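For reference, the structure is listed below as structure tokens.
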Amino acid sequence: MVSVLQTLLLFLVGVVQAGLLLLLAPLLSGMARVVRAKFHSRRGPPILQDYIDLGKLLARGEVIPPEAGVVFRITPYVLLAAMLLVAMAIPALMTRSPLTATGDLIAVIYLFALTRFFFALSGVDSGSMFAGIGAGRETTLAVLNEPVMVLSLFVVALLAGSTNLGVISASIFAGPTPAFAATGMAMVAFAFAIFLEIGKLPLDLVEAEQELQEGPLTEYSGCALGLIKWGLYLKQTVMAALFLGIFVPAGAAASLSPLSLARAGGVLVLKLVIVFLIFALIENTMARIRFLSSSRLTFMAATAALLAFAFSLAGI
């Protein structure tokens with residue numbers, strides 16, 4: 001009975017955690033836009049502009065291309081559902097995974113890959129040539145960037161001796177002989193991969209929504225466009241929360257007491273704001289480069305991930 005009650009409480013924590021990240025995601029995206037505008041000496045949009053845009057889109061009807069198939073229609077729901085599932089599973093409010101069934105590193109990687117697959121395939125399925133080009137860009141970025149993410153996460157899993165995200169979060173710095181060099185290099189590689197994944201310069205530009213950055217969304221409109229945009233905002237926030245949960249677990253609750261969970265929620269919001277502010281500051285020191293040159297950047301990140309793997313084998 002105790003274990004069943006504890007499982008139910010953990011599930012409720014996961015639901016609250018996913019709801020918090022879902023509500024916070026447009027705010028963090030809007031905050032990054034405001035910071036960018038200030039750096040350009042512009043007034044910029046209101047910090048709550050993304051909430052306003054999502055509200056307008058969700059209230060409108062959809063126009064579906066006649067060539068679109070089933071994948072095009074279900075992608076917004078698949079993307080949002082998969083990201084909510086990841087948001088429930090990662091150790092963000094607690095040092096353990098609230099949803100044990102999907103709190104495994106391999107399951108989380110597959111969920112991220114699922115969203116990428118459907119997002120790219122929806123562009124092809126729309127029948128639009130421009131959306132198909134954007135889909136090709138997404139798959140290219142996945143080939144370059146996802147191995148870095150996977151390798152850096154498997155390094156910390158190797159150090160923790162488990163692929164459970166909660167175990168990794170609780171033990172990565174708590175072992176008898178922490179491998180600081182390996183953990184540090186894995187942290188750098190994963191942070192770099194997240195920076196590229198959430199659509200920042202030098203490869204992407206937030207204002208370039210009609211360019212290839214969001215090419216697969218060309219034929220979406222109305223409620224479907226609102227859902228998929230919200231899912232993409234949530235993906236950015238979830239990836240940042242995953243980074244914090246594994247590499248910066250300070251402030252996470254160690255128990256299910258309401259006071260510790262409330263304190264952990266405040267700390268999590270503060271850490272996410274700091275991460276997005278740092279990303280915005282770094283982004284505004286860069287110029288945009290050609291997408292064909294992206295392999296040079298991902299090569300540096302892959303080198304850091306390989307060094308982290310070598311350091312982990314050496315135990316340093």
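Note that this is a predicted model, so its numbers are computed, not measured.
Within the 4.5 Å cutoff, no side-chain heavy atoms of V86 are placed close to those of L242. Contact check for F154 versus I106: side-chain heavy atoms found under the 4.5 Å cut-off. The side-chain heavy atoms of T183 and F247, taken from C-beta on, include a pair separated by under 4.5 Å. V78 is not listed as a side-chain neighbour of T115, based on a closest heavy-atom distance of 4.5 Å or more. Under the 4.5 Å side-chain criterion, counting only non-hydrogen atoms from C-beta, V15 is in contact with F11. Between E62 and C223, some side-chain heavy-atom pair lies under the 4.5 Å cut-off. Contact annotation: the side chain of F276 never approaches that of V35 to less than 4.5 Å [non-hydrogen atoms, C-beta and beyond]. In this structure the side chain of L24 reaches within 4.5 angstrom of the side chain of L27, judged on heavy atoms.
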Let's go through M94 and L256 carefully: what are the C-alpha distance in whole Å and the side-chain angles of both, what is the deciding distance for side-chain contact (heavy atoms from CB on, under 4.5 Å) to 0.1 Å, and is it a yes or a no? CA-CA 8 Å; M94 300 185 64; L256 290 170; 3.6 Å; yes
Passes side-chain contact (heavy atoms from CB on, under 4.5 Å), L306 versus L151? Steps please. CA-CA 8 Å; L306 289 173; L151 182 56; 3.6 Å; yes
Do L217 and L232 pass the side-chain contact (heavy atoms from CB on, under 4.5 Å) test, and can you show the C-alpha distance, the side-chain angles, and the key distance before you say yes or no? CA-CA 11 Å; L217 303 185; L232 292 175; 4.0 Å; yes
So L244 and V275, side-chain contact (heavy atoms from CB on, under 4.5 Å) or not? Walk me through it. CA-CA 9 Å; L244 293 172; V275 167; 3.7 Å; yes
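No donor-acceptor distance shorter than 3.5 angstrom exists from the side chain of W230 to the backbone of Y51, with no hydrogens or angles considered. The backbone N or O of G166 sits nowhere less than 3.5 Å from a side-chain atom of S97 that would complete a donor-acceptor pair. Remark: side-chain polar atoms of K235 are not paired, donor with acceptor, to backbone N or O of L79 under 3.5 angstrom. In this structure, D125 contributes its side chain and A68 its backbone to no donor-acceptor pair below 3.5 Å. For the pair S29 (side chain) and P26 (backbone), a donor-acceptor distance under 3.5 Å is absent. Looking only at distances, a side-chain donor or acceptor of T237 sits under 3.5 Å from a matching main-chain atom of Y233. A donor-acceptor pair is defined here as one N or O able to donate and one able to accept, closer than 3.5 Å; no such pair exists between the side chain of S126 and the backbone of E219. A donor-acceptor pair is defined here as one N or O able to donate and one able to accept, closer than 3.5 Å; no such pair exists between the side chain of E146 and the backbone of I109. Within the 3.5 Å criterion, the main-chain N or O of L165 finds no donor-acceptor partner in the side chain of S169. Without hydrogens or angle criteria, N164 side chain to D104 main chain gives no donor-acceptor distance under 3.5 Å.
Taking all atoms of both residues into account, the shortest heavy-atom contact from R33 to P45 is CB-CG, 4.3 Å. Closest non-hydrogen pair, A186 versus V156, comes out as CB-CG1, 4.2 Å. Contact detail for P46 and V34: the closest heavy-atom pair is C-CG2, 4.3 Å. Between P98 and Q17 the shortest heavy-atom distance is CG-OE1, 4.1 Å. Closest approach of S152 and A305 over heavy atoms only: N-CB, 4.4 Å. In plain terms, the two heavy atoms of L105 and A157 that are nearest each other are CD2-CB, 3.8 Å.
Two rings, from Y220 and F72, have their centers less than 6.0 Å apart.
Placement of L28 and I52 in two distinct hydrophobic clusters is found when ILVMFWY residues are connected by side-chain heavy-atom separations under 4.5 Å, directly or transitively. One hydrophobic cluster holds both I90 and V269 under the rule that ILVMFWY side chains link at heavy-atom gaps under 4.5 Å. The hydrophobic clustering, which links ILVMFWY residues whose side-chain heavy atoms are closer than 4.5 Å, places L277 and F195 together. In the hydrophobic cluster analysis, where Ile, Leu, Val, Met, Phe, Trp and Tyr join through side-chain heavy atoms closer than 4.5 angstrom, L23 is grouped apart from L261. Taking hydrophobic clusters as Ile, Leu, Val, Met, Phe, Trp and Tyr residues chained together by side-chain heavy-atom distances below 4.5 Å, V248 shares a cluster with V108.
F39 CZ: more than 12 foreign heavy atoms inside a 6.0 Å radius. For CZ of F309, the number of neighbouring non-hydrogen atoms (other residues, nucleotides, ligands) closer than 6.0 Å is 12 at most.
Between L159 atom CG and L313 atom CG the span is 9.0 Å, to the nearest 0.5 Å. Here CG of L158 is found 11.5 Å from OG1 of T163. Values are rounded to the nearest 0.5 Å. With rounding to the nearest 0.5 angstrom, the CG atom of L225 is 10.0 Å from the CG atom of D53. Annotation: the span from M149 atom CE to F112 atom CZ amounts to 6.0 Å, rounded to 0.5 Å. For the atom pair CZ of F118 and CD1 of I228, the computed distance is 11.5 Å after rounding to the nearest 0.5 Å. To the nearest 0.5 Å, the span separating CG on L227 from CG on L57 amounts to 9.5 Å.
Using bins of under 30°, 30° to 60° and over 60° for the plane-to-plane angle, the ring pair F190/F243 lands in the parallel bin.
For the side chain to side chain contact (heavy atoms under 4.5 Å, CB included) criterion with M31, the lone passing option out of V273, L272, L48, D50 is V273.
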